[in-house]
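Single-structure report; data block below.
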2 protein chains.
Amino acid sequence: MGIGTVSRVFNGHPNVTKATREKVLAVAKRLNYQPHVYAQGLARQRTNTFAAIIPFFTNYFFIEVLQGVQEKISSIGFDLILHGINHPDEIDESLRRSSRRGRVDGILFFSMRLPDTFAKKWKDLELPIVLVDTFHEAFDSITVENFQGAQTATEHLISLGHKNIGMITANIKSDPASIRLEGFRAALKKHNMEVNEKNIIVSDVTKLDGFSRDAGYLAMKEMLKLGPQLPSAIFISSDVQAIGAISALREKGLRVPDDVAIVSFDDIELAQHFGLTTMRQPMHRMGELAVDQMLKRKENPSALPVQMRFMPELVVRQSCGAKKISPHIEDYVHYTAPQDERTGNENTLSTR
Amino acid sequence: MGIGTVSRVFNGHPNVTKATREKVLAVAKRLNYQPHVYAQGLARQRTNTFAAIIPFFTNYFFIEVLQGVQEKISSIGFDLILHGINHPDEIDESLRRSSRRGRVDGILFFSMRLPDTFAKKWKDLELPIVLVDTFHEAFDSITVENFQGAQTATEHLISLGHKNIGMITANIKSDPASIRLEGFRAALKKHNMEVNEKNIIVSDVTKLDGFSRDAGYLAMKEMLKLGPQLPSAIFISSDVQAIGAISALREKGLRVPDDVAIVSFDDIELAQHFGLTTMRQPMHRMGELAVDQMLKRKENPSALPVQMRFMPELVVRQSCGAKKISPHIEDYVHYTAPQDERTGNENTLSTR
DNA sequence: CTACCTTGTGGAAGCCCTTCCAATAATAAA
DNA sequence: TTTATTATTGGAAGGGCTTCCACAAGGTAG
């Protein structure tokens with residue numbers, strides 16, 4: 001049996017007699033033979049592996065996207081190398097590691113601003129990259145219409161008759177946060193309502209760019225200082241923040257949606273549990289699509305960058321007050337204020 | 001410049017003159033040269049890569065462990081190949097893929113029972129494997145004292161004076177669930193209390209082995225049928241279940257901890273938010289240790305299997321009633337019953 | 001029975017490193 | 001200055017595949 005023949009058998013090439021094929025397979029089984037992955041990779045000049053660079057997924061949004069990615073990647077028989085980013089410095093490092101010649105066949109880059117230095121020198125590199133939940137004109141990207149989404153969310157509150165509407169947004173340095181804020185403003189303007197700057201609380205929390213429960217809690221604390229002028233409805237830039245914000249409201253004895261109506265963004269799994277009205281992002285789907293796009297890009301490396309944008313969908317639950325619900329039930333416990341025991345890791349991370 | 005010299009420079013071998021080193025480096029930079037990862041792997045016969053096989057991390061427990069793993073792996077300059085398992089069938093497939101010759105240098109296997117077929121043929125394979133949150137005598141493992149932990153949790157409730165104590169447990173097919181149940185029983189016996197079988201609700205949910213909010217919700221619904229004999233205190237086998245269970249209680253107008261005291265298990269991030277008294281597992285740390293153990297195992301492949309067991313720690317918050325809290329506040333919303341909109345993925349998965 | 005296609009098979013070359021050994025250069029000792 | 005050491009350097013061999021080319025074998029048509 002020639003060495004080439006064996007290769008042909010294992011790779012399902014057509015020109016092999018059934019007899020030889022079986023003979024090869026038999027011997028292979030007896031010897032417990034398996035092709036050496038790296039040797040194949042070296043010879044074929046590809047790895048069948050993608051890297052995913054993700055700001056660490058303590059944030060539920062990423063978990064769901066990552067799940068989509070991972071399932072899709074497995075289904076096509078590829079492997080996924082995971083780079084969790086906890087600190088902005090790690091971005092460069094991860095990109096560099098992933099770009100090492102022969103390491104992976106492509107990179108999925110999530111939710112973080114692609115460093116300009118990389119954006120430039122990337123075009124030389126033949127390595128495809130797909131951006132998810134972030135944008136760069138030079139590369140394929142899959143994003144959500146944050147502007148439109150925020151507008152829709154806000155308009156929902158307007159349509160419920162609210163006149164005094166506020167917003168709590170995550171750290172403005174993050175694209176999604178700032179764009180959602182713009183959408184909020186646009187909605188009010190569109191309906192000839194004045195934008196009261198005091199009604200806008202911008203989180204200055206740096207951890208997770210303010211997309212966290214703690215940040216939401218603190219922001220609402222801040223907003224509560226408005227006292228009687230407290231908005232009757234608030235758009236909050238993410239579900240996790242909304243959960244924190246609700247805790248702050250509870251502490252003051254304020255009820256959602258009766259005293260304050262809330263619409264948030266993301267529709268993470270918990271949103272359902274908390275009865276949050278929110279803008280649903282097809283997270284799982286976005287993960288899958290990212291992989292699909294990666295494959296397409298590999299087939300046609302020179303095509304123009306593709307930009308997919310999803311329209312988030314309004315999911316009406318209870319927190320906005322549109323759906324009336326059964327009698328209120330007493331809550332059982334206070335939210336213990338942030339940092340009570342878990343050590344607050346103050347790494348800043350520019351992310352979603 | 002000889003080819004060997006270049007290699008020496010890139011690998012930091014000592015015997016290279018400063019002059020040559022710099023010359024090589026200069027040329028390398030000019031040519032934008034990088035060693036080819038797979039070629040290195042082939043020549044060195046190692047990949048600097050570990051695989052992690054994890055039941056999919058919609059479950060917060062895994063996220064936290066995975067984070068520990070990922071950080072540690074990056075810190076030693078290795079790569080992590082992630083295999084998320086959604087269906088039991090995928091376990092074999094993942095193990096097989098990871099075991100392919102030259103694919104990875106080691107496998108971290110999480111929370112699932114290692115298939116016997118693999119356990120056997122593994123010893124031939126030179127590939128190290130470390131088990132986390134699961135056990136097999138033949139391999140290194142890092143687990144938590146589920147028995148002791150459950151016992152401690154139960155004793156805490158006993159010490160608070162409860163006489164009628166119940167337990168809600170996840171699917172008994174899962175090791176942690178069944179062991180925690182045993183610990184519960186042992187605690188009662190130790191204190192000469194009778195074990196009332198009606199007070200034990202065993203979840204028959206298969207998805208995530210019943211370690212889910214829905215399962216907890218349903219189990220509590222079931223338990224509520226006890227009516228006036230409802231236990232005054234309940235030990236629940238995980239935090240997520242406890243959260244679901246609390247929702248069910250709320251629906252009935254019952255308050256935690258006043259009407260029912262609760263202690264659960266895991267101490268996921270959300271536990272704090274919900275004020276759950278729970279048994280803390282050092283999840284992040286377990287992830288790191290798994291990697292450490294992997295490295296040790298590689299240094300000394302023939303050492304006897306190491307079994308590390310952590311003692312979970314009781315974290316007292318509000319749900320057990322030991323800490324009295326400020327006046328109750330009305331809750332704002334019902335828990336919308338399971339499966340209201342998210343399509344219930346009914347894959348069964350034998351996991352934690 | 002030839003001449004000409006197919007189809008299948010063996011193996012060299014190439015993928016890109018690391019590692020080892022031999023050769024050379026530099027240095028120290030005599 | 002010569003010899004014995006030691007520090008560098010070059011490059012062949014080897015790691016395990018894929019791919020391509022040449023050749024053999026089997027078929028078909030003339």
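Throughout, protein chains are lettered first and strands after them, A, B, ... in sequence-line order, and every chain is numbered starting at 1. Predicted model, so just to flag it, every value in this text is computed and none were measured.
- A salt bridge links A:E288 to A:R285: one of the charged nitrogens lies within less than 4.0 Å of a carboxylate oxygen.
- With 3.5 Å as the limit, one finds no donor-acceptor pair spanning the side chains of B:H83 and B:E93.
- Atom-to-atom, CZ of A:R101 to C1' of C:dC17 comes out at 9 Å; the value is rounded to the nearest Å.
- If you check residues 2-27 of chain A against DNA chain C, the residues with a heavy atom closer than 4.0 Å are A:G2, A:I3, A:G4, A:T5, A:R8, A:N15, A:V16, A:T17, A:T20, listed by number.
- At a threshold of 4.5 Å between non-hydrogen side-chain atoms, the residues B:R97 and B:I81 do not count as touching.
- Side-chain contact of A:E71 with A:S75: a donor-acceptor pair under 3.5 Å is absent, judged by distance alone.
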Practice problem: Decide side-chain hydrogen bond (donor to acceptor under 3.5 Å, both in side chains) for A:Q67 and B:N86; before the verdict, give the C-alpha distance in whole Å, the side-chain angles of both, and the deciding distance to 0.1 Å. | Solution: CA-CA 10 Å; A:Q67 183 161 17; B:N86 286 303; 3.3 Å; yes

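- Taking five base pairs at each end of the helix from C:dC1-D:dG30 to C:dA30-D:dT1 and finding the rotation axis that steps the C1' atoms of four pairs onto the next four gives two axes whose angle is 40°, to the nearest 10°.
- For DNA chain C, the neighbouring residues in residues 35-50 of chain A, judged by any heavy atom under 4.0 Å, are A:L42, A:A43, A:Q45.
- No side-chain donor-acceptor contact under 3.5 Å links B:T134 to the backbone of B:L131.
- Evaluation of the ring-ring contact (aromatic ring centres under 6.0 Å, His included) rule for A:F78 yields A:F50 as partners, not counting sequence neighbours.
- At a threshold of 4.5 Å between non-hydrogen side-chain atoms, the residues B:L80 and B:L66 count as touching.
- Applying the ring-ring contact (aromatic ring centres under 6.0 Å, His included) criterion to A:Y33, with sequence neighbours excluded, gives A:F10.
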Could you list the donor-acceptor pairs under 3.5 angstrom formed between side-chain atoms of residues 100-109 of chain A and any protein atom two or more places apart in sequence or on another chain?
residue	atom	partner	partner atom	Å
A:R101	NE	B:Q34	O	2.9
A:R101	NH2	B:Q34	O	2.4
A:R103	NE	B:D79	OD2	2.6
A:R103	NH2	B:T49	OG1	3.0
A:R103	NH2	B:D79	OD2	3.1
A:D105	OD1	A:T47	N	2.9
A:D105	OD1	A:T47	OG1	2.8
A:D105	OD2	A:T47	N	3.1
A:D105	OD2	A:T47	OG1	3.4
A:D105	OD2	A:N48	N	2.8
A:D105	OD2	A:K298	NZ	3.4

